[in-house]
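Working notes, structure below.
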Amino acid sequence: QVQLVESGGGLVQPGGSLRLSCAASGIIFRIVRMGWYRQAPGKQRDLVATITSGRDTNYADSVKGRFTISRDNAKNTVYLQMNSLKPEDTAVYYCNIDLVTMGGRRDYWGQGTQVTVSS
């Protein structure tokens with residue numbers, strides 16, 4: 001079975017940087033689309049960034065110019081480089097990977113990793 005494991009979250013001061021990783025384990029034939037979402041306390045889960053099989057990227061307006069999404073299909077991993085972090089970036093960050101296994105194509109969610117930006 002496929003499982004996504006996230007890492008890289010933590011506590012950082014405003015203006016700092018963090019790099020999140022999300023690795024998918026299992027027998028995976030192909031990564032199709034990868035994305036990061038975040039959910040702050042009392043708020044809905046929102047899209048942060050996505051990257052397609054063609055490496056086209058899409059970012060929420062609030063993170064453009066500060067965050068960079070990238071992928072490594074050979075490692076079944078998606079990354080989110082977060083620079084110039086702001087307190088409003090504080091949230092639980094979830095990765096989502098649309099992938100193909102023997103059972104077909106579907107998406108999977110990571111367990112979430114906490115990012116806290118505070119002085």
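The figures that follow rest on heavy atoms only: side chains count, while hydrogens, waters and symmetry mates do not.
Annotation: the span from Tyr93 atom OH to Glu6 atom CD amounts to 11.5 Å, rounded to 0.5 Å. Atoms CG and CG, on Asn76 and Leu4 in that order, are 9.5 Å from each other to the nearest 0.5 Å. Separating the CG atom in Leu80 from the OH atom in Tyr37 is a distance of 12.5 Å, to the nearest 0.5 Å.
Applying the disulfide (SG to SG under 2.5 Å) definition to pairs two or more places apart or across chains, none involves residues 38-85. For residues 99-110, the pairs satisfying side-chain hydrogen bond (donor to acceptor under 3.5 Å, both in side chains) are Asn96-Asp107, Asp98-Arg105, with sequence neighbours left out. Residue pairs meeting the salt bridge (charged side-chain N to carboxylate O under 4.0 Å, His left out) criterion with at least one member in residues 65-74, sequence neighbours excluded: Arg66-Asp89.
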Distance-only donor-acceptor hits, side chain of residues 112-119, under 3.5 Å, sequence neighbours excluded:
unit_1, atom_1, unit_2, atom_2, d
Thr113, OG1, Gly9, N, 3.3
Gln114, NE2, Ala91, O, 3.4
Gln114, NE2, Thr116, OG1, 3.2

Without placing hydrogens or testing angles, list every side-chain donor-acceptor pair under 3.5 Å for residues 16-36, not counting sequence neighbours.
unit_1, atom_1, unit_2, atom_2, d
Ser17, OG, Asn83, OD1, 2.9
Ser25, OG, Gln3, O, 3.3
Trp36, NE1, Tyr79, O, 3.4

Compile the donor-acceptor pairs under 3.5 Å between side chains in residues 55-62 and protein atoms, sequence neighbours left out, one pair per line.
unit_1, atom_1, unit_2, atom_2, d
Tyr59, OH, Ile69, N, 2.9
Asp61, OD1, Lys64, NZ, 3.1
Ser62, OG, Arg38, NH2, 3.3

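Under the 4.5 Å side-chain heavy-atom criterion for Ile, Leu, Val, Met, Phe, Trp and Tyr, Leu85 and Tyr94 are members of distinct hydrophobic clusters.
The number of heavy atoms from other shown groups lying within 6.0 Å of CD (Glu88) is above 12.
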